[in-house]
Trainee: 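Let me give you the structure first, and then I'll get to my questions.
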2 protein chains.
Amino acid sequence: MRQLCMPHGLSCDELAKLETLICSARSVPRGEALYRSGDRFDNIYAVRSGSMKTVMAHRGGREQVTGLRLAGEALGLDGISNDVHACSAVALEDSTVCIVPYTALKSLCREISSMQERMHKLLGEQIVREAAQMMVLGSLSADERVAAFLLDVSERNAQRGYSSAEFNLRMTREDMGSYLGMTLETVSRTLSRFQKRGLIDTQGKHIRIVDLDGLRQV
Amino acid sequence: MRQLCMPHGLSCDELAKLETLICSARSVPRGEALYRSGDRFDNIYAVRSGSMKTVMAHRGGREQVTGLRLAGEALGLDGISNDVHACSAVALEDSTVCIVPYTALKSLCREISSMQERMHKLLGEQIVREAAQMMVLGSLSADERVAAFLLDVSERNAQRGYSSAEFNLRMTREDMGSYLGMTLETVSRTLSRFQKRGLIDTQGKHIRIVDLDGLRQV
DNA sequence: CGGAGCCTTGATGTTAGTCAAGCCTAGTGG
DNA sequence: CCACTAGGCTTGACTAACATCAAGGCTCCG
């Protein structure tokens, strides 16, 4: 939560007020949904530990992974527009989230302008992140998509104070493929090729970035 | 502007307050940018007449169309997260926009909760719309993408009180291709095939939907 | 009326998808 | 603690879809 708010101009005092909103935390076992598409929207969440994916279903049963949330990142904004969640959020590993009731958060945003500012930025960031992902899906090759994804995760890890070079990606190859608009086989082949080229070192879900610049130039 | 706000719980009185914010309108000739990626973010816009595309550039010069805005739709939200616009907005035809200064809008949102509500929904809608487009790009075939796009435009036209069956799409085949993650040739071929199948009737940029259900089933 | 940009269509090439088989690993139960 | 199993991962051979290259026609604007 501090992760999510501190670096953005909230005073300790204001942060304390925010923390009074957080009714509770909730733990979500691996594979379970925090909320499902169609559920009523009441809360925004912050991932406290673990990681989650957001999934959207097309009519016709096809599903696509639309996002990955690491610890410290916000979740649930897809419900604001319609009072109903547009995605489902599923835990990639045993995870915990903080629960922030939306109605209370709105009031706080009207009282405290820095809180309003933070809320707008949170929404704006997701808009820009998704637009960037549209670019990835619309104009990059398979190799470029995988490289962009690894670099994105690496950078987000760094931002949260973890290693940018080495991490556990709890998504399956299928999840990655879905997120990147390709098949799990192509993801696997691409990672293997990157490894042969000395760009990364993979051992299943454990990934080490060996040649950051090389990866950037893919 | 009323388009953008009226159906969403603002009273006439409140709407009047909003209208005091609108410093001015601005006209944007076809092909010109309302704002460019990297420009400082000061205003949100509403398309008053005409239509615009939003474009995002990748390092390496590659550009992708990330959105289409018809009259009555909002524009510029990509600047909130960073105080700098992440996309460029380019007029597809001679267009006019209303200018809403963001700082003033924020104040109004703190005063009037229905205004805050509207603002959040606006942001939330874009988040959901972009997620849906990620699905289109990530998991649909070329035919399905084009069909989904035509249906989307048709529906948005209907919402604004225009014909859902017949419209002028001012994007070029290249713009459509970019937005849909395919080449202009594939767009053209797909439209031709749809026409042969009796789904649509195209004459350059003028499009008439002949068989709505057929298009939905593509 | 002329021309530039846009659109269409065809032939060919390339990338990533599909199908298939076997292996590895983590989690389970004895 | 070990063996078993199921799900996940890798790799190969083949295929399909879409991109690329190319040429010609249309249309809209000046």
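Residue numbers start from 1 in every chain, and the chains themselves are labelled A, B, ... in the order their sequence lines are given, proteins ahead of strands.
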Trainee: Does a salt bridge link Asp175(A) with Arg173(A), judged by any charged N lying under 4.0 Å from a carboxylate O?
Mentor: no
Trainee: How about Tyr162(A): does its OH atom have over 12 heavy atoms from other parts shown lying under 6.0 Å from it?
Mentor: no
Trainee: In terms of relative ring orientation, are Phe41(B) and His85(B) parallel, tilted or perpendicular, with 30° and 60° separating the classes?
Mentor: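 It falls in the perpendicular class, over 60°.
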Trainee: Any residue in residues 165-180 of chain A with a heavy atom nearer than 4.0 angstrom to DNA chain D? Just list them by number, or reply none.
Mentor: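 Of all residues in residues 165-180 of chain A, the ones placing a heavy atom under 4.0 Å from DNA chain D are Thr172(A), Arg173(A).
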Trainee: Is any side-chain nitrogen or oxygen of Ser141(A) closer than 4.0 Å to OP1 or OP2 of dT15(C)?
Mentor: no
Trainee: Measure from CG on Leu184(A) to P on dA20(C) and round the result to the nearest Å.
Mentor: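 Those two atoms, CG and P, are 15 Å apart.
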Trainee: Nearest of dG17(C), dC7(C), dT18(C) to any side-chain atom of Lys205(B)?
Mentor: dC7(C)
Trainee: Without decimals, in angstroms, what is the distance between Met182(A) CE and dC9(D) P?
Mentor: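 The answer, rounded to whole Å, is 13 Å.
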Trainee: State the CD1-CD distance between Ile80(B) and Glu125(A), to the nearest 0.5 angstrom.
Mentor: 11.0 Å
Trainee: Rounded to whole Å, how long is the line connecting atom CZ of Phe194(A) with atom P of dC9(D)?
Mentor: 17 Å
Trainee: Please give, in whole Å, the distance from dT11(D) C1' to Arg193(A) CZ?
Mentor: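 After rounding, the gap between these two atoms is 12 Å.
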Trainee: Quick one: which of dA16(C), dT10(D), dC18(D) gets closest to the side chain of Ser188(A)?
Mentor: dT10(D)
Trainee: Does a distance-only test, which skips hydrogens and angles, find a donor-acceptor pair under 3.5 Å between the side chain of Gln203(A) and the base of dC9(D)?
Mentor: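 Side chain to base: no pair below 3.5 Å.
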Trainee: Is there a donor in the side chain of Ser51(B) and an acceptor in the side chain of Glu93(B), or the other way round, less than 3.5 Å apart?
Mentor: yes
Trainee: Separation of Asp143(B) atom CG from dA19(D) atom P, in whole Å?
Mentor: 12 Å
Trainee: Can you measure Glu185(B) atom CD to dG10(C) atom P for me and round it to whole angstrom units?
Mentor: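 Going from Glu185(B) (CD) to dG10(C) (P), I get 14 Å.
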Trainee: If you compare all heavy atoms of Ala71(A) against all heavy atoms of Ser49(A), which two are closest, and at what distance to 0.1 Å?
Mentor: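 Smallest heavy-atom distance, with atoms named: CB-CA, 4.2 Å.
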Trainee: Under the 3.5 Å rule, do the base of dT18(C) and the side chain of Arg189(A) count as making a donor-acceptor pair?
Mentor: yes
